[in-house]
Every structure is written in structure tokens, then in C-alpha cells.
Engineer: 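Structure provided below as C-alpha cells; questions to follow.
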Amino acid sequence: MTVRRLGPADAEPYRAFRLTALRETPTAFTSGYAEERAKPMAATLQRLAEAENGPGALLGAFDGGGTLLGTAGLRVKQRGQERHKATLYGMAVARAAGGRGIGRALVRHVLRLAVEDGELRQVLLTVSEGNEPALRLYTSCGFEVWGREPRAVMVDGQAVAKLHMVRLLDPEVTRAGG
């Protein structure tokens, strides 16, 4: 498996992968399948270009044959007083590739990018309440729950709560969990 930054050349496989993830696990994301499917390819290209031009990144995990197996992004806050924070977003692993350590590799790569940035002091994320595999993964990578938002998203009329998590990037914390 190879983890690398995604760019505009990855637009088609990334879009297909993202739409599959949104369709298969709708409660895991704040974006919905129908709304994302309706967007033109130009929106995907813009998303990839913004991530490519940083700060931050959008990563993909690929098998030896070049198939996209997972994604995760790091979005850095741009306002001066928030520049110490970033968000891990778009985390997904193909169902057929589950249990192979791909999610852990992606999270570790995102955390490594965050540390290498030099200005970041914490990485935030949200995870849907009840998504125990994701919660276990994030916790094992040093993230801690700091809050719960009830009814964070509505999926087909069903309210889904989101747990807010943070991973501090202080040197002693980074060594312990990264």
C-alpha cells in the first residue's frame, strides 16, 4: 500500500470513491450522496486543487495496482488566531479493504503532515456517535472526545449526533500517540 497526496489527475477515482463512501455510510459524513453526486466534476477538481495548494492535504491510500482504497484530508484554519488548528476530514476506507490498517496509516500520515507544518498545535475531527470502529481508531491514535453535538446531521429524517475529538500536537503527546 502507498499513501500519497491526491491531485487533479486523481479526480475521477477520487470522485467515484467518495460517492461510494457517501452512499454506503451516509451517517458517517456531513455531506450527502445526492448533493455530492449532483455537483459537476469541476467541484471535485477545485477540492483537489485547494488541498494540493495547501496548507493541508488530501491523501489517498492505493494498493499495488493503483486502486484507491482510502482517503483522509487535513484542512488548516486560515484565520491568524486559528492557524494553530486543523481538521481531519473525509476519512474513508473501502469496505473491501477494511481491517488491513489502511485507516490507521491514513490517520498517521495526516498527523505527520500536521506536525511537519510547524505551526499546528491540534487536529480536530468529528465522528458519528455509534461508529465504534472509527472511534476506536481515533482514540488509539491519541484523539480524545471533548464534546457531543446532538442532532449534528439529519440523514433521511434520522438525527445523528457527532462526537468532537481533538489530538494535541504537543511534543510529549505526539510521541505517545503518533
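Bear in mind that the values here come from a model prediction, so they are computed numbers and not experimental data.
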Engineer: Give, for atom CG of L135 and atom CZ of F143, the distance between the pair rounded to the nearest 0.5 Å.
Structural biologist: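 L135 atom CG to F143 atom CZ measures 11.5 Å (nearest 0.5 Å).
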Engineer: Measuring from atom CE of M1 to atom CG of D63, what distance do you get when rounded to the nearest 0.5 angstrom?
Structural biologist: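 Taking CE in M1 and CG in D63, the distance rounds to 10.5 Å.
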Engineer: In Å, rounded to the nearest 0.5 Å, how long is the span from NE2 of H84 to CG of D117?
Structural biologist: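 Atom-to-atom, H84:NE2 and D117:CG are 12.0 Å apart.
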Engineer: Less than 4.5 Å apart, any side-chain heavy atom of R104 and any of S140?
Structural biologist: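 R104 reaches S140 side chain to side chain.
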Engineer: Establish whether L58 and L68 are linked, either directly or via other cluster members, by ILVMFWY side-chain heavy-atom contacts under 4.5 Å.
Structural biologist: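 Yes, it is one cluster - the side chains of L58 and L68 are joined through contacts under 4.5 Å.
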Engineer: Taking the cut-offs as 6.0 angstrom to the six-membered ring centre and 45 degrees off its axis, would you call R167 and Y138 a cation-pi pair?
Structural biologist: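 No.
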Engineer: Minimum heavy-atom separation for V76 and G56, please, with both atom names.
Structural biologist: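 Between these two residues, the closest heavy atoms are CG2-N, 3.7 Å.
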Engineer: Using every non-hydrogen atom in the two residues, find where L169 and L120 come nearest and quote the distance to one decimal.
Structural biologist: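 Answer, listing the atom of L169 first, then L120: CD1-O, 3.7 Å.
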Engineer: Hey, is the main chain of Y14 close enough, under 3.5 Å, to the side chain of D10 for a donor-acceptor pair?
Structural biologist: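 It does not hold such a pair.
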Engineer: Short question: side chain of R5, backbone of G60 - any donor-acceptor pair under 3.5 Å?
Structural biologist: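 Side chain of R5 to backbone of G60: no pair is present.
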Engineer: Are L125 and V110 connected in a single hydrophobic cluster, I mean Ile/Leu/Val/Met/Phe/Trp/Tyr linked by side-chain heavy atoms less than 4.5 Å apart?
Structural biologist: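 Both belong to a single hydrophobic cluster.
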Engineer: For R83 and P55, which heavy atoms make the closest approach, and how far apart are they?
Structural biologist: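 Closest heavy-atom pair between R83 and P55: NH2-CB, 3.9 Å.
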Engineer: Are any side-chain N or O atoms of E35 and backbone N or O atoms of G32, one a donor and one an acceptor, separated by less than 3.5 Å?
Structural biologist: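 Yes; at least one donor-acceptor contact below 3.5 Å.
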Engineer: Under the side-chain contact (heavy atoms from CB on, under 4.5 Å) criterion, do L163 and T126 qualify, and how do the steps go?
Structural biologist: CA-CA 5 Å; L163 301 177; T126 62; over 6 Å; no
Engineer: If you count the non-hydrogen atoms of other residues, nucleotides and ligands that lie under 6.0 Å from CD in E144, is the total more than 12?
Structural biologist: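 Atom CD in E144 is not packed in, count stays at 12 or less.
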Engineer: With side-chain contact (heavy atoms from CB on, under 4.5 Å) as the test, would you mind laying out the steps for E12 and M41 before giving the verdict?
Structural biologist: CA-CA 8 Å; E12 288 185 28; M41 180 60 79; 3.7 Å; yes
Engineer: Just so I know, are the side chains of V123 and L74 near enough to count as touching, which here means a heavy-atom distance under 4.5 Å?
Structural biologist: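 Side-chain contact under 4.5 Å: yes.
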Engineer: Let's go through T44 and K39 carefully: what are the C-alpha distance in whole Å and the side-chain angles of both, what is the deciding distance for side-chain contact (heavy atoms from CB on, under 4.5 Å) to 0.1 Å, and is it a yes or a no?
Structural biologist: CA-CA 8 Å; T44 300; K39 291 180 181 177; over 6 Å; no
Engineer: Using a 4.5 Å cut-off on heavy atoms from C-beta on, say whether the side chain of M165 contacts that of V127.
Structural biologist: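 Yes, at least one pair of side-chain atoms sits under 4.5 Å.
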Engineer: How far does CZ of R75 sit from OH of Y89, to the nearest 0.5 angstrom?
Structural biologist: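 The distance works out to 4.5 Å.
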Engineer: Do you know the tightest heavy-atom contact between T27 and V160?
Structural biologist: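 Residues T27 and V160, closest heavy atoms: CG2-CG2, 3.8 Å.
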Engineer: Flag the pair V107 / L137 as yes when at least one side-chain heavy-atom distance between them is below 4.5 Å, and no otherwise.
Structural biologist: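 Yes, side chains in contact.
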Engineer: Answer yes or no: does atom CZ of R37 have more than 12 heavy-atom neighbours from other residues, nucleotides or ligands under 6.0 Å?
Structural biologist: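 12 or below, so no.
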Engineer: Does some side-chain heavy atom of H164 sit less than 4.5 Å from a side-chain heavy atom of E149?
Structural biologist: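 Touching, per the 4.5 Å side-chain cut-off.
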Engineer: Taking CD in E82 as the centre, count heavy atoms belonging to other residues, nucleotides or ligands within less than 6.0 Å. Is the count above 12?
Structural biologist: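 Enclosed: over 12 neighbouring heavy atoms sit under 6.0 Å from CD of E82.
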Engineer: Can you find a heavy atom in the side chain of E24 that is under 4.5 Å from one in the side chain of T20?
Structural biologist: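 Heavy-atom side-chain distance check passes, below 4.5 Å.
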Engineer: Taking a hydrophobic cluster as the set of Ile, Leu, Val, Met, Phe, Trp and Tyr residues connected by side-chain heavy atoms closer than 4.5 Å, whether directly or through intermediates, do L19 and V155 fall within one such cluster?
Structural biologist: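 Result: no, two separate clusters.
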Engineer: Under 3.5 Å, is there a donor-acceptor pair between the S128 and K162 side chains?
Structural biologist: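 Distance-only check passes for S128 and K162.
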Engineer: Quick one: does R4's side chain get under 4.5 Å of F62's, heavy atoms only?
Structural biologist: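 They are in contact (side-chain heavy atoms under 4.5 Å apart), so the answer is yes.
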Engineer: On a heavy-atom basis, which atom in P8 and which in L45 lie closest, and how many Å separate them?
Structural biologist: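 Answer, listing the atom of P8 first, then L45: O-CD2, 3.8 Å.
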Engineer: Quick one: closest heavy-atom pair of A72 and L106, and the distance?
Structural biologist: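 Nearest heavy atoms, A72 then L106: CB-CB, 4.0 Å.
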Engineer: Please confirm whether the backbone N or O of G90 pairs with a side-chain atom of T71, one donor and one acceptor, at under 3.5 Å?
Structural biologist: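 Between the backbone of G90 and the side chain of T71 there is a qualifying donor-acceptor contact (under 3.5 Å).
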Engineer: Would you say L88 and L69 are hydrophobically clustered, going by side-chain heavy atoms of ILVMFWY under 4.5 Å?
Structural biologist: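 Cluster IDs for L88 and L69 match.
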Engineer: Do E116 and L113 pass the side-chain contact (heavy atoms from CB on, under 4.5 Å) test, and can you show the C-alpha distance, the side-chain angles, and the key distance before you say yes or no?
Structural biologist: CA-CA 5 Å; E116 289 170 359; L113 288 172; 4.0 Å; yes
Engineer: Once rounded to the nearest 0.5 Å, what's the spacing between atom CZ of F17 and atom CG of L22?
Structural biologist: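 One finds 10.0 Å between CZ of F17 and CG of L22.
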Engineer: Any non-hydrogen side-chain atom of E36 less than 4.5 Å from a side-chain atom of F29?
Structural biologist: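 Side chain of E36 against side chain of F29, heavy atoms only: no contact under 4.5 Å found.
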Engineer: Looking at R121 and G118, would you say the former's side chain and the latter's main chain have a donor-acceptor pair under 3.5 Å?
Structural biologist: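 The answer is yes, because a donor-acceptor pair under 3.5 Å joins these two groups.
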Engineer: So, the side chain of N53 versus the backbone of A49: is there a donor-acceptor pair under 3.5 Å, distance only?
Structural biologist: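 Looks like yes, one N/O pair under 3.5 Å.
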Engineer: Working to the nearest 0.5 Å, report the span between CG of N131 and CE of M91.
Structural biologist: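 Spacing of CG (N131) from CE (M91) equals 10.0 Å.
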